[in-house]
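Read the structure below first, then the notes.
Chain A is the first sequence line, chain B the second, and so forth, proteins listed ahead of strands; every chain is numbered from 1.
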Number of protein chains: 2
Amino acid sequence: MDMDQVDKIKAQWNRERPDLDVGPMGTIGRLGRLARHLAQAHAECFATHGLSPAGFDVLATLRRAGPPHALTVKDLLATTMVTSGTMTNRLDRLEAAGQVRRVPNPEDGRGFVVQLTERGRADIDAAVTDHVANQHRLVAALNNEERAALDALLGTWLTVFEGSDG
Amino acid sequence: MDMDQVDKIKAQWNRERPDLDVGPMGTIGRLGRLARHLAQAHAECFATHGLSPAGFDVLATLRRAGPPHALTVKDLLATTMVTSGTMTNRLDRLEAAGQVRRVPNPEDGRGFVVQLTERGRADIDAAVTDHVANQHRLVAALNNEERAALDALLGTWLTVFEGSDG
DNA sequence: GATTTGTATCTCGACATCAAGATAATGAGG
DNA sequence: CCTCATTATCTTGATGTCGAGATACAAATC
């Protein structure tokens, strides 16, 4: 029969609630489970560099922005899609770890510019190198053709939520 | 160019770290974002029935099991993939809400059987009906052929983490 | 320049989660 | 029937998250 965990759940619903068509549950369920496994694998990789997923998210955003690796809190909020309370908490921890510093924003007395420290720069560069290698391992179960097909399908679906221009 | 948010992130990495091949990041990133959007949509649906995603998870597991809608805490742990501390917390809240009750397990004096109450049964039946309809809306962006292709690809990939027999 | 409105960031309180360790009951061997 | 390893569940402490509201500065208007 080749039933995975998601198929078993669907079979249970079919037995208990035959009035429901649970087809979409398979697609959504597998996608959700896969996302969880991948997030777990990422977290383990980040942890080897002393980073949480939350910390990686912020440091990577600063690193990707290019020199001088500094963004306003507002910019970080827009990119990372967390609330301001969450960002304050993340920055407090990263600052305590010496990976970022808050500098008053010369262009706006209300706010700060958040900048990677030397240590933060070194940490994120090492972490992302490892992270990318890890991602290559994680997708190795699919060949190039399968991965391209999956990319296309995910892209199509994602536009429902994010629009075609991001 | 038709760049979505994930493509923009990849482009930034290509500029800042051209030594890295970030192809897999697109696949994994889109999958992760999609999962987040779907989880958000689910949570909103559950909330209309007074349930959190965590509460839905537990009540649905009990409901799917069939009459008498009772499982040991151990069984719930195995199915829901959370830690025992998390499950204790979930059960405390569901019990306080009158949706489940803990009954001493007659077959093992150390443990409990967790059972849906009448109210819990009514709540989960209403919630799952709505939930399934919601899932149909969420997958509507893909036609049947696309959804089947996606199912197959996700299934292939998922076996890396869960094995082919669940 | 005083008032109003808006914006950037932080504070606070409520939850959810995990990991590690505590508690308590079972069962196997002697 | 003790003792010991095992198992089931709960407790505790650290993180991470959100939402609502506070604070502080800026910009626009009077």
Between [X] and [Y], is any side-chain donor less than 3.5 angstrom from a side-chain acceptor?
X: A:Asn89; Y: A:Thr86; value: no
X: A:Asp151; Y: B:Thr27; value: yes
X: A:Gln12; Y: A:Glu16; value: no

Whole angstrom value for the distance that separates [atom2] of [N] from [atom1] of [X]:
X: A:Asn105; N: D:dC25; atom1: CG; atom2: P; value: 14 Å
X: B:Glu95; N: D:dT9; atom1: CD; atom2: P; value: 13 Å
X: A:Leu71; N: C:dA8; atom1: CG; atom2: P; value: 14 Å
X: A:Glu107; N: D:dC25; atom1: CD; atom2: P; value: 18 Å
X: B:Lys74; N: D:dC10; atom1: NZ; atom2: P; value: 15 Å
X: B:Met87; N: C:dC18; atom1: CE; atom2: P; value: 10 Å
X: B:Asn89; N: C:dC18; atom1: CG; atom2: P; value: 10 Å
X: B:Leu76; N: D:dT9; atom1: CG; atom2: P; value: 9 Å

Would you indicate which nucleotide in D:dC18, C:dT26, C:dT9 comes nearest to any side-chain atom of B:Asp108?
C:dT26

Options D:dC18, D:dC10, C:dC10, nucleotide nearest the side-chain atoms of A:Val82
D:dC18

How about A:Phe56 and A:His49: are their ring centroids closer than 6.0 Å?
no

Report yes if a side-chain nitrogen or oxygen of [X] is closer than 4.0 Å to either non-bridging phosphate oxygen (OP1 or OP2) of [N]; otherwise report no.
X: B:Thr83; N: C:dA19; answer: no
X: B:Thr86; N: C:dT17; answer: no
X: B:Arg93; N: C:dA16; answer: yes
X: A:Ser84; N: C:dT9; answer: no

Counting only distance, no hydrogens or angles, is the base of C:dT9 paired donor-acceptor with the side chain of A:Arg110 under 3.5 Å?
no

Expected output: side-chain B:Thr129 to main-chain B:Asp125 donor-acceptor under 3.5 Å
yes

Min side-chain heavy-atom separation B:Leu116-B:Gln99 under 4.5 Å:
no

If you take all heavy atoms of B:Arg90 and B:Ala54, which pair is closest and at what distance?
NE-CB, 3.4 Å

For DNA chain D, determine which residues of residues 37-68 of chain A have any heavy atom closer than 4.0 angstrom to one of its atoms, and list them numerically.
A:Ser52, A:Ala54

Result for 5'-nearest mapping on DNA chain D, choosing between B:Asp75 and A:Arg90, is B:Asp75

Select base, sugar-phosphate, or nothing to describe what A:Gly111 touches, counting heavy atoms under 4.0 Å on all strands.
sugar-phosphate

